[in-house]
There are 4 protein chains.
Amino acid sequence: MKRTSERKEREKENRKNDILKAAENIMKKNGLHGLNVDQIAEDTSLAKGTIYLYFKSKEEILGNLTVKARKLLLKEFVKIDKMDLNPIDKLREIIIANYKFYRKNTLYYDLVSLYEANHTLEETDEMYGSSNAITELVSKIAFEAKEKGELNENLDPLHFTMILWGTTVGILQMLKVRGALIESKLNITENQILDSFLELFFQGVKKK
Amino acid sequence: MKRTSERKEREKENRKNDILKAAENIMKKNGLHGLNVDQIAEDTSLAKGTIYLYFKSKEEILGNLTVKARKLLLKEFVKIDKMDLNPIDKLREIIIANYKFYRKNTLYYDLVSLYEANHTLEETDEMYGSSNAITELVSKIAFEAKEKGELNENLDPLHFTMILWGTTVGILQMLKVRGALIESKLNITENQILDSFLELFFQGVKKK
Amino acid sequence: MKRTSERKEREKENRKNDILKAAENIMKKNGLHGLNVDQIAEDTSLAKGTIYLYFKSKEEILGNLTVKARKLLLKEFVKIDKMDLNPIDKLREIIIANYKFYRKNTLYYDLVSLYEANHTLEETDEMYGSSNAITELVSKIAFEAKEKGELNENLDPLHFTMILWGTTVGILQMLKVRGALIESKLNITENQILDSFLELFFQGVKKK
Amino acid sequence: MKRTSERKEREKENRKNDILKAAENIMKKNGLHGLNVDQIAEDTSLAKGTIYLYFKSKEEILGNLTVKARKLLLKEFVKIDKMDLNPIDKLREIIIANYKFYRKNTLYYDLVSLYEANHTLEETDEMYGSSNAITELVSKIAFEAKEKGELNENLDPLHFTMILWGTTVGILQMLKVRGALIESKLNITENQILDSFLELFFQGVKKK
DNA sequence: TATGAATGAGATTTCATTCAT
DNA sequence: TATGAATGAAATCTCATTCAT
């Protein structure tokens, strides 16, 4: 009994993953807006109706991929958290990891960014959870930094967490949208901007 | 002759403005995604096809409104630039003005934000110009700050400009998307976040 | 062995009845077209596929219920046949009973009517039988009327049977579809129409 | 000006007619239920969206064809009304014309019948009008018959009209659904049934 | 028998954009 | 320029029916 339902569960997950995988590939080829359900159906050899059995709308598919992206991002952060580093250095590494993630997984980061910039997109509980998990990890580390006296005394760790996340998203977005322009016109590389940002950011964070 | 073409030019501008005005009103009611060309046609008493004589696509309408928004934003920044303040304080005031702008002109800020977050949206020369004007004002002030020795010596004024803009957009976006949640769950107000951000940011900027 | 198969048979019948009962209830709530197999499955706690083990199509379910309806209708007619009445008066009572049935059992009459109006719907042997049983009872009485000299001599009892059935269905259908309108616009009640119909009909039937 | 809008109007009507014509042909091939919008689009070389520009649903197409059918039927009745006949004979001819119409225009009569049997189908004003026109013609003649003393004195002309229409529809429906069966099993032709019906009906109508 | 996931046809809707006049 | 009908892609939804387990 249990075995059967477990298998079914697994198959169901597989099917969902097939759909997500297909959606991902399509978007990799055609961009976020190049996704369409007919194509997913064709690529998965599923009937269009079946897609709607697993996801109630195209947006839900995007939402699921966003969760996936956030989880991957979290995984990177968790790795860093496990390193033998001062909390404050972990946070620096987290920003760097975020940047690397954005460079390596363009699509995933586009999704993360999409949801960070759009209040119109609905977030399910799962999505909220995945977002929360990231914030919580960061805030955990922020509190540790505070305890270790690495944080400016006037800076509330929660505020700090939100600011870290907000500014990082903003910087990466800027690089995504204007990076090429900045490089060509101003002759500044993405890395230089990132370095300056880190410098500025942690300068402001430090205990005086 | 000239007179005629001038009048025509003026009428053309008027027509364009009517369309933009209508689009704006519609979005104020229904949000960015609530805009549709049929509605514009109806509200302006123009035929749908006529809209396309003035704008080559719906996106171009959004682009034009974005230019408008950026210009308004610039105007606020210019006001600040004219104040009798230290450069560094001007920059602080600029961030605050940006926040106020976002609170007062939700739609306009949504547009600004939309283009800051989307690399897929095409920017015309005019759009680029309006974006540039802002950056240039900020960078001008940044250079002044540098000259006055208000800036950390390691911090390049151009880097600083990009960072200021990127982080500010990021923070405002975060407030837009998660502000309500943060207020209710974490009991932190938007103003508190903004204050902490300013504190952190200018702490990091200051000459040591 | 026999016992077992009997039980199975009984269970099978029960299952069938459960399905029919559920379908009936759904249609009572939502009308003939409000019936859908998912709902039946839910209401019977059966899997959708299981429904198809008992009925080869949704139409077959409708067909079965129609048989049920026809049998009930026949029962009413049989009651009348057993009364101590002249054949011709039995026939009049049968039309009245038909009207009453239509008033009391809206759904059932809708089903009867559905099959009287649709040549596209397939009738199984059982369905044909149930339809036949009615016609045969009526024709039996028609022949008795003929023998008793109650029928116009030019009127063939079989013709008469078909006409009685056809016109009665037509009148009831008209009342179903336009009854409300007729009442409100023309100020004629269903009963008045029925009375006039009976009057006209049996006037035409009578021996001259 | 007027000319232009007139032409447009005519084109619009043509387009509507093209769609209706195509729908009709499809149904002639595949039956009432064989109609589908994709096929209409293909046969008219119109985009599916265009179909929905002219008709808000498939049902509306059916409704329009029903109006067309009713108008054709009315035309036949009007012809008869113009004949030099006693009112009562006109009514007899109307029933016969109805039968002929049903034999000649199976599809059209199916549509008429569909709406006579289904209370669930919505009728627009136009549909109601077309239905009304028929009833009014018949009732006009019925009143003339009354005046000429051709009608049984107890018979209200309005009641009579409804009864004529209801019973005729019922008889034709029966022939449509069971005609073949009756012919093969009972060896009675449609014409015989119709004759008997007319005989019975007008026997009951006559002034005593 | 029983299950319920999968199918696939089709209706409907929405809209940005194009095009003939 | 102005018009608005036409386009066509795509999303969404509904459901009867089938099929592998």
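Every chain is numbered from 1 and lettered A, B, ... according to where its sequence line falls, protein lines coming before strand lines.
Distance from the side chain of Asn36(B) is smallest for dA16(E) among the nucleotides dA2(F), dA16(E), dA11(E). Side-chain proximity of Ala47(B) to the nucleotides dT3(E), dT3(F), dA11(F) is greatest for dT3(F). Of the candidate nucleotides dA6(E), dT12(E), dT1(F), dT1(F) has the atom lying nearest to any side-chain atom of Tyr54(B). With distances taken from any side-chain atom of Ser57(D) to the nucleotides dA2(F), dT17(E), dT12(E), the minimum falls on dT12(E). The nucleotide whose nearest atom lies closest to any side-chain atom of Lys58(B) is, among dT1(E), dT17(E), dT3(F), dT17(E).
Across every strand in view, dT21(F) sits in a pair with dA2(E) that passes the Watson-Crick or G-U test at under 3.5 angstrom.
One finds no salt bridge joining Glu116(C) and Lys176(C) here, because no Lys/Arg side-chain nitrogen approaches an Asp/Glu carboxylate oxygen to under 4.0 Å. Residues Arg70(C) and Glu123(C) are paired through a salt bridge, judged by an N-O separation under 4.0 Å between the basic side chain and the carboxylate.
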Exercise. Report the C-alpha separation of Tyr54(A) and Glu60(A) in whole Å, then their side-chain angles, then the decisive distance to 0.1 Å, and conclude whether the side-chain hydrogen bond (donor to acceptor under 3.5 Å, both in side chains) test is met.
Key: CA-CA 9 Å; Tyr54(A) 286 93; Glu60(A) 200 178 286; over 6 Å; no
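With Asn36(C) contributing its side chain and Gln39(C) its backbone, the two residues share a donor-acceptor pair below 3.5 Å. Under a 3.5 Å cut-off, the side chain of Thr66(C) and the backbone N or O of Leu62(C) do form a donor-acceptor pair.
As a whole-Å value, the separation of Glu60(C) CD from dT17(F) P is 10 Å. The distance between atom CG of Asp38(A) and atom P of dT12(F), rounded to the nearest whole Å, is 11 Å. We find that CD1 of Ile51(A) is positioned 16 Å from P of dA5(E), with the value rounded to whole Å. The CD-P distance, from Gln39(B) to dA16(E), rounds to 11 Å in whole Å. The separation between Phe55(D) atom CZ and dA5(F) atom C1' is 15 Å, rounded to whole Å. Whole-Å rounding puts the Asp18(D) CG to dA6(F) P distance at 10 Å. Separating the CD1 atom of Ile61(A) from the P atom of dA10(F) is a distance of 15 Å, rounded to the nearest angstrom. Per the geometry, CD1 belonging to Ile40(C) stands 17 Å off C1' belonging to dT3(E), to the nearest Å.
Between Thr50(A) and Ser45(C), the residue anchored nearer the 5' end of DNA chain E, judged by the nucleotide with its closest heavy atom, is Ser45(C). Looking at which nucleotide of DNA chain F each of Val37(C) and Val37(A) is closest to, the 5′-most match is held by Val37(A). Residue-to-nucleotide proximity on DNA chain E shows that, of Glu59(D) and Leu46(C), the 5′-proximal contact is made by Leu46(C).
Taking 4.0 angstrom as the limit, Tyr52(A) places none of its side-chain polar atoms (N or O) nearer than this to OP1 or OP2 of dA6(E). An OP1 or OP2 oxygen of dT1(F) is reached within less than 4.0 angstrom by no side-chain nitrogen or oxygen of Arg15(B).
With hydrogens and angles left out, the side chain of Lys48(B) and the base of dT17(E) share a donor-acceptor pair within 3.5 Å.
The residue Leu35(A) sits close only to the backbone: its heavy atoms come under 4.0 Å of sugar-phosphate atoms, none of a base.
Here the shortest heavy-atom pairing between Ile26(D) and Gly34(D) reads CG2-O, 3.7 Å.
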